[in-house]
Amino acid sequence: MWLIAALAFAGTFAAAQDNIYTNPDLIDGFEYGLVCDTNVVGSAAAPDTDIGEINIISGTIEFSTSGTLVPVIPGLSFGVKTRAVGDTNLDGVTFRVTHPPLIGSGTTKQSWQGFIEANRLSAQLYSFDLPSEMVTGRWTLAAYQGDILLYRIPFDVIAPKDAPTYLKELCNLGAYTS
């Protein structure tokens, strides 16, 4: 039974990686993965999200591991770091997240406005902050400037107990994965 589950996750992981898209004319330096700790310093209005706001994060974001497999654990973040091609920021960017229905609200799509910097990698993350967000399945992060797709990346969010060993050891997550 364990071997079947491992093969199923390997197939899901490969499928997610095969569906990553970045617009080479507009996006450079694309990285993705999981972040154990973020320094939240405030919030900003985001009326098209389930709670109506997004976190503002300070400091440099370093991925704790790269990949698209994410255990659904309180406080864990996942996402991308991107840089705009050339010397001009991409303004008027809509960041979109699609996911299985959130607990209670049934929300499946959320979005907020922002920009992508030209001269440094900047992070766009989703964090599991509330119990209503703890849903497994395919989550997709995407960014658009008007109708132009800048990037799209699917993440496979799984139950902590189903996480491979390297993820269970990440960020001291062992308490959630047994």
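Numbers for residues simply follow the sequence, beginning at 1. Since the model is a prediction, treat every value here as computed from it, not as a measurement.
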> Is V70 close to L34 at the side-chain level, that is, under 4.5 Å between some pair of heavy atoms?
yes
> With side chains defined as the heavy atoms from C-beta onward, is the minimum distance between E31 and S66 less than 4.5 Å?
no
> Taking I51 as the starting point, is it possible to reach V41 by hopping between hydrophobic residues whose side chains are less than 4.5 Å apart?
no
> If the condition is side-chain hydrogen bond (donor to acceptor under 3.5 Å, both in side chains), which residues does T140 pass it with, not counting sequence neighbours?
none
> Filter on salt bridge (charged side-chain N to carboxylate O under 4.0 Å, His left out), then keep only pairs touching residues 95-122, sequence neighbours left out; what's left?
E117-R120
> Would you check if L167 and T65 make a side-chain contact, meaning some heavy-atom pair closer than 4.5 Å?
yes
> First locate atom CD1 of I148, then atom CG of D25, and finally report the distance between them rounded to the nearest 0.5 Å.
9.5 Å
> Kindly work out whether a path of hydrophobic side-chain contacts (I/L/V/M/F/W/Y, heavy atoms less than 4.5 Å apart) joins L149 to I20.
no
> Given side-chain contact (heavy atoms from CB on, under 4.5 Å), test L141 with F95 step by step and report yes or no.
CA-CA 7 Å; L141 305 183; F95 297 101; over 6 Å; no
> Under the side chain to side chain contact (heavy atoms under 4.5 Å, CB included) test, which residues partner D129, sequence neighbours left out?
N55, S127, E133
> Are L121 and Y32 joined in one hydrophobic group, where the rule is that I, L, V, M, F, W and Y side chains link up if heavy atoms are under 4.5 Å apart?
no
> Is there any side chain to side chain donor-acceptor pair (under 3.5 Å) pair reaching into residues 143-152, and which pairs are they, with sequence neighbours excluded?
Q124-Y151
> Just wondering, more than 12 heavy atoms not from F30 lying within 6.0 Å of its CZ?
yes
> How close do P160 and P71 get, heavy atom to heavy atom, and via which atoms?
CA-CB, 4.1 Å
> Do L130 and V40 land in one hydrophobic cluster if side-chain heavy atoms of ILVMFWY residues count as linked below 4.5 Å?
no
> Taking M134 as the starting point, is it possible to reach L76 by hopping between hydrophobic residues whose side chains are less than 4.5 Å apart?
yes
> Please find the pair of heavy atoms, one from A46 and one from W112, that lie closest to each other, and give the distance.
CB-CB, 3.8 Å
> With distance as the sole test, does S43 use its side chain to make a donor-acceptor pair with the main-chain N or O of I54 at under 3.5 Å?
no
> D91: which residues meet the salt bridge (Lys or Arg N to Asp or Glu O under 4.0 Å) condition with it, sequence neighbours left out?
none
> If I compare all heavy atoms of V35 with all of I61, which pair ends up nearest, and what's the gap?
CG2-CG2, 3.7 Å
> What's the shortest heavy-atom distance between V93 and A143, and which atoms?
CG1-CB, 3.9 Å
> Mind telling me whether Y126 and F128 have parallel, tilted or perpendicular rings, with 30° and 60° as the class edges?
perpendicular
> Looking at F63 versus F78, is the centre-to-centre ring distance below 6.0 Å?
no
> Testing the basics here: between C36 and L170, what is the closest heavy-atom pair and its distance to 0.1 Å?
SG-CG, 3.9 Å
> Side-chain contact test, heavy atoms from C-beta onward, threshold under 4.5 Å: evaluate it for L150 versus T22 and give yes or no.
no
> Using side-chain heavy atoms (C-beta onward) and a distance below 4.5 Å, is P164 in contact with L69?
yes
> I want to check something: taking the side chain as every heavy atom from C-beta on, are I158 and V72 in contact at a cut-off of under 4.5 Å?
no
> Could you check L102 against Q110 for side-chain contact (heavy atoms from CB on, under 4.5 Å), going step by step and ending with a plain yes or no?
CA-CA 11 Å; L102 296 183; Q110 302 182 68; 3.7 Å; yes
> To check you understand the geometry: which heavy-atom pair defines the closest contact between N119 and G86, and what is its length?
OD1-O, 4.3 Å
> Within the structure provided, determine whether L90 and L26 are in side-chain contact (heavy-atom separation under 4.5 Å).
yes
> Any pair with a residue in residues 48-59 that passes salt bridge (charged side-chain N to carboxylate O under 4.0 Å, His left out), sequence neighbours left out, goes on the list, sorted by first then second residue, please.
none
> I153 vs T68, test: side-chain contact (heavy atoms from CB on, under 4.5 Å). Steps then yes/no.
CA-CA 8 Å; I153 179 169; T68 58; 3.9 Å; yes
